[in-house]
Structure formats: structure tokens, C-alpha cells
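Here's the structure we're looking at; comments come further down.
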Amino acid sequence: MTQVQTTQAEQQRMIGGGVAESEFYPVMDRLPTGVLLHREGIILYANPVMLFILGLERQADCLHKPLLSYFQPESWKRIEQAVEAMGAEEVGGIPGEIAVLRADDKEATLETITSLVQLTGGAVFCTVAQDISQRKQNEERIRHQANYDSLTGLPNRMLFMDRLQREIVRATRQQKRVALMFIDLDRFKWVNDTLGHAAGDDLLREVSNRLQSSLRKSDTVARMGGDEFTAILPDMERGPHAERVASGVLGQLVTPFILCGQEVMISGSIGIAIFPDDAASMEELLRNADIAMYRAKSAGRNGYRFFTPDMHAEAQQRMELESDLHYVLERKELVIHYQPIVDLQSRMVVGAECLLRWIHPKRGFISPALFIPMAEEIGLISQITEWTIRTACAQAARWRQMPGCATFFVSVNLSCTRCRDLSVGEKIEAIFQDTGLPANGLVLEITENILSEDANRALQMLNQLVQRGVALWLDDFGTGHSSLSVLKRLPVSGIKIDRSFVPSALSDPETIVLVEAILSLARSLNREVIGEGIEAEAQAEFLLTRSCRFGQGYLFLKPEPAELLTAVLGKALR
Ligand code: C2E
Ligand code: MG
Ligand code: MG
């Protein structure tokens, strides 16, 4: 720019009040910036630099042609308007930025200064120009990098926020609505872990294409980071239409993806909040869509939820609970309840399942079904499991001292997320050392979900445990999808028939067939079977006659504190 200004100053000095064209042109010919003289929109002269900028070889190529054969009308119009505003006599130094279509059809951007100069032949406009296309492109590239996600090309969080703010202002002004959709992929981590990051990247790109194709052009789809996407849907209200859009997006996500040559199934969880119905500000709208998404996820994934006010209160409570959970061990608020596992024939207690209870100082008893998933999510499960195993092993070692209890064992539930930690075996070994409990005093209960993420690593860890002499049982058997094939792969010595089968086993003929099939399968694979949730004598009888050896349930005893169990050890529970 400085260069252009100097040139223009020089030019003003040189041409003074009426310079002869014959003197003027040779000077312009040598200037290092582009110079174009024109009158009434017709080109009268272009210096060599200008010819170069316009992609021309000879002066004759542009002489007497309209200015607008090169200058884009819109950008030139702004300069014309400035000229008019100044009054033709005084025009000097009007700065501008002109978009140019070169002779070779390439586009360029010029930074210009336009002045009126007096030549002997009359007044002409002189536009001094510098090609700033490269700088423009750089600026554009930087702007793009700052606003778009480099992997998917979608707007990033920054641009998304900007657009959302704008849509909210627009909706407020026009008294319309704008819906915000939070979309989170359900099995992305699994893809990344098992198929690798390149496959994960491919998946994200394909998801981004599918999201864009299932929404309107006027909607903004953005990637917030990781596997989190958002969509801004202007003029969308709660109701059948929004529901159709959400179902459409879910439908796109459950259609199989081809990654590394194999078909991969994923799904998504969607939360939707609507301005101004659900939120008065952008921050609130974001938070509420997130809460609704979280709800969709915990309701079993592959679903959508619209935000409702009660979700907020619940999320608040959850957050408080989550932060309290961090101190649960330190404040000694966890207790283990033990539920006897009995020999169905003799009714003697052979072992006990350890079931955690959180005694919250304000909220009282909190179910493991609520806080265990929370602990998994916030990364506390390892510490909690270690504490549980240690406490239970110490207790079992004491119980083993009691008459007739030399083979007593405790079974501890192991979280799936814990099963990729290869140090578990060593930690358990140390616990055996410290408590004096031999390895056959501990059983670990796992579920088939263990194989849903990084199966190889999980199997490696489980085999290590078995080598150390720890028995594994497959819990909640019969509730999953792939139980039979899973049973063959997992190094388990026992299976626990899920409690949902046992009470109905006697009334529902189909369940009877299923339970019988599980028992005969277990027999042929040489696995022990433990019937869970036995509440009635007839159920115990049914299982026993089909050679199920062990049982557990309210019929014998509910999960109770250790002291209560001590009282029944060595006795038959009838
Ligand atoms: P689970 O391992 O399948 O545990 C059995 C559940 O069935 C327990 O629920 C137990 O109280 C209940 N139950 C036992 N007998 C009967 C019966 O006769 N009738 C009925 N209706 N229910 C019966 P609880 O204690 O609420 O535990 C729920 C789940 O929480 C457990 O299911 C387990 O998956 C998880 N959990 C508990 N403690 C731990 C732990 O220390 N670590 C991990 N990872 N998970 C745990
Ligand atoms: Mg269990
Ligand atoms: Mg179970």
C-alpha cells in the first residue's frame, strides 16, 4: 500500500496541472506498479505492470475497451460512488479494492488508488494498482483454518458459536425459533481402538457427509471436536417435523459404514434444545442440548431427546453426585454388602457376591446401578474396584478361619472398562500377598460387554488372571446378544443365569426351554452354573433338578453387611 501511495504522490507531482501525454506515458511505462488511465469507463492506457496484472501481452489488447471487461462491476461501483460523492473536479486518492477477471479468466484482487489527472488532452482517471491476490489467498486460508475443521471441512467450534449467536439474534428479531442439535457418536472409541485412527478419521469424514446430506442447506453442521457434532436448525420448532429430522439423522448413522474393507455399525445419540422455548441465552441453549444428548445416551443410545426442564434439575443432581463420588473412598462412604452363594443341594453358603453400596451423607443409600457407571465415566472405577477387591479379600481371609469355611470365596464384579488395564493381575497378586487369601478365594464376575471394545486386550488381561488362579464367571448370562459365541471365547469357569430369567422360569414355557438350554450348554462346555435372583423355593428346586449347582437370591439372603453374613456362615440356609 505504501508503495502505491508513493507512486501516486510522485505521479501528482509529475503531472502537475496538465502534462502532455507524450511526457506522461514514458514515465508511467517505467513505474513498478500498475497504472491504468480511463475516461468514462473506457481504457486509454495501461502500463506494462498493469498489462501483466490483467494477463495481457500488448497495450492494444485493452485499448478502448470498457473498464468493466476486467474490473468486476460491484467492486468498481463503490469507487465510482466515491468519485461522485467528491465531485469530479477534486477527485484524488480514492482507495479501493477491486476484484478483477483477468484475460486468462483467472481472478485477482487489486488494491487501488484512483485520482483524476489533468493531461493536455483533458482530464482522465488514473487508477494505480497493486496485485494483492496472494495476500488475499493467504488471509483466506488462515481464516479457513481458524474457522473450519481440517479433517471434515465442517465449521469448527469457533465458527459454530459465531453462527449460533447470529441465528439467535435473528430468531429474536423475527420472533422465530432456532433448534440446536447435539450429536454424539456411540461407538467411535471402539472404532478408533480396534480399527485404528485412520479408520476413525474416515468414519468422521463419512459421518460429516451424511449429516450434511440429511439436513437443509440453510442448517449449519459443525464438528465440536472428537466425535461430537452439532447442527443449528433455523426456524425449527418442537414437533413432528423436528422429530423426523432427528430420526433421519439417526437413520443415516445406523446405515453401516465400510471401514478397512469391513462393515462397521455405529449409532448416535442426539439432544435437541430450542431457542427461545428451552433457553434464554446461547450458553443456556448449549448446555440444555448437551443435557438432552446425555439423556439420550443414558437411555440406551441410538435415540434422540428433546430438552425438558426436569432434565436440568436431574443433571444438576448428577453433577453434584459426580463431584461427591470423587471423595467416596477418602470419606469412607462405600460399604460392601455380601450376598451368599449357596450350594443348592446342601443349602450351605459356599461364597458371597460383593455388592457395593454408597451411603451418601445427604441422599442416603445410592444404588450401584447408578454410581458404578458414573465411576466408570469419570475414571474412578479402577480405584473403587481395587478397594473392593482388597476389602473383600481381607474379609474372605477372616471368614476362611471359621469352622467349615476353608474354601469360602468372594466374587467381585469387574467393570468392562477395567479390563484393558493389564496391571490388574499384578495388583490382585499384591492383594493376595497382603491379605493372605489364596487365589482360589476370589472370583471375578465379568459381562460379555467386555468384548465390545478392544477384545484382544481384554482377553489378554483375563487370561493373565486365570493363570494366576483367579476364577472368572460370566455375569448376567442370557441378556446379551452373542452369548453363545462369547462363552466359547472367554476363559470363564462359571456362568450366572441372569436374574430376569429365574423368577419367570416356572411360568413361561419359552423361558423354561431357554434356561434348560443354557444349563445343558454349560454342562457340555464344562462350566459351573449359578442361578441368580432365586426368590422362591420352587425356583431353587427347578434349577437343582436341571443340575444347576449354585444359587443366589432373596430366598436365601439379601445382600447384607459382613457381620450379618458371619452369622450364617457354616449353616444351611433353608
Ligand atoms: P449383578 O452383579 O448382576 O448383581 C446382582 C444384583 O441382583 C444385585 O443388585 C442384587 O442385589 C440383586 N439380587 C440378588 N438377589 C436377588 C433376588 O432374589 N431378586 C432380585 N430382584 N434381585 C436380586 P445390586 O446390588 O443393586 O447391584 C446391581 C448391579 O450393580 C450388579 O449386578 C453389578 O453389575 C453392579 N455392581 C454392584 N457392585 C459392584 C462392584 O463392586 N463393581 C462393579 N463393577 N459393579 C458392581
Ligand atoms: Mg454380579
Ligand atoms: Mg448378575
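Start at 1 and go down the list; that is how both ligands and their atoms are numbered. Everything numeric in this text was worked out from a predicted model, so none of it was measured.
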Of all N/O/S atoms in [X], the name of the one nearest the Mg ion (ligand 2):
X: E353; answer: OE2
X: D475; answer: OD2
X: E445; answer: OE1

Given that the side chain starts at C-beta and the backbone is N, CA, C, O, which of these parts of [X] lies under 4.0 Å from ligand 1, counting heavy atoms, or is it both or neither?
X: T385; answer: neither
X: D476; answer: side chain
X: S415; answer: both
X: K496; answer: neither

Compute the minimum heavy-atom distance from [X] to ligand 1 and say whether it is under 4.0 Å.
X: I534; value: yes
X: Q552; value: no
X: E353; value: yes
X: E532; value: yes

- [ ] Measure from the Mg ion (ligand 2) to each N, O or S atom of S411 and report whether any distance is below 2.8 Å.
- [x] no

Task: Heavy-atom donor-acceptor pair, R546 side chain to L543 backbone, under 3.5 Å - done: no

Task: Check: Q539 side chain, E535 main-chain N or O, donor-acceptor pair, under 3.5 Å - done: yes

Counting both backbone and side chain atoms, is some N or O of [X] under 3.5 Å from an N or O of ligand 1?
X: T388; value: no
X: E535; value: yes
X: L356; value: yes

With a 4.0 Å cut-off, would you call [X] and [Y] a salt bridge?
X: E228; Y: K297; answer: no
X: D277; Y: R238; answer: no
X: E386; Y: R390; answer: no
X: E283; Y: R287; answer: no

Among [options], closest by any non-hydrogen atom to [atom]:
atom: atom 43 (C) of ligand 1; options: V502, N413, T447; value: N413
atom: atom 32 (O) of ligand 1; options: R499, R357, E445; value: R499
atom: atom 1 (P) of ligand 1; options: L370, D475, I336, I384; value: D475
atom: atom 28 (C) of ligand 1; options: P368, A375, C354, S367; value: P368

Give the numbers and elements of all ligand 1 atoms closer than 4.0 Å to a heavy atom of [X].
X: G553; value: 15 (N), 18 (O)
X: Q339; value: 14 (C), 15 (N)
X: P559; value: 11 (O)

Open item on the list: Against the six-membered ring of F477, is R527 placed for a cation-pi contact (under 6.0 Å from the centre, within 45° of the normal)?
Closed with: no

Open item on the list: Would K558 pass as a cation-pi partner of Y554, given that its NZ or CZ must be under 6.0 Å from the six-membered ring centre and within 45 degrees of the axis?
Closed with: yes

- [ ] Measure from the ring center of Y338 to the ring center of W399 and say whether it is less than 6.0 Å.
- [x] yes

Open item on the list: Evaluate S269 against D186 for side-chain hydrogen bond (donor to acceptor under 3.5 Å, both in side chains), listing each step before the verdict.
Closed with: CA-CA 7 Å; S269 297; D186 292 331; 2.8 Å; yes

- [ ] Decide whether S214 and Q252 meet the rule of one side-chain donor and one side-chain acceptor closer than 3.5 Å.
- [x] no

- [ ] Run through I428, T391, L444, V443 and flag the one making a side chain to side chain contact (heavy atoms under 4.5 Å, CB included) with V412.
- [x] L444

- [ ] Decide yes or no on side-chain hydrogen bond (donor to acceptor under 3.5 Å, both in side chains) for R398 and Q395, but give the supporting numbers first.
- [x] CA-CA 5 Å; R398 282 197 292 277; Q395 181 61 59; 3.1 Å; yes

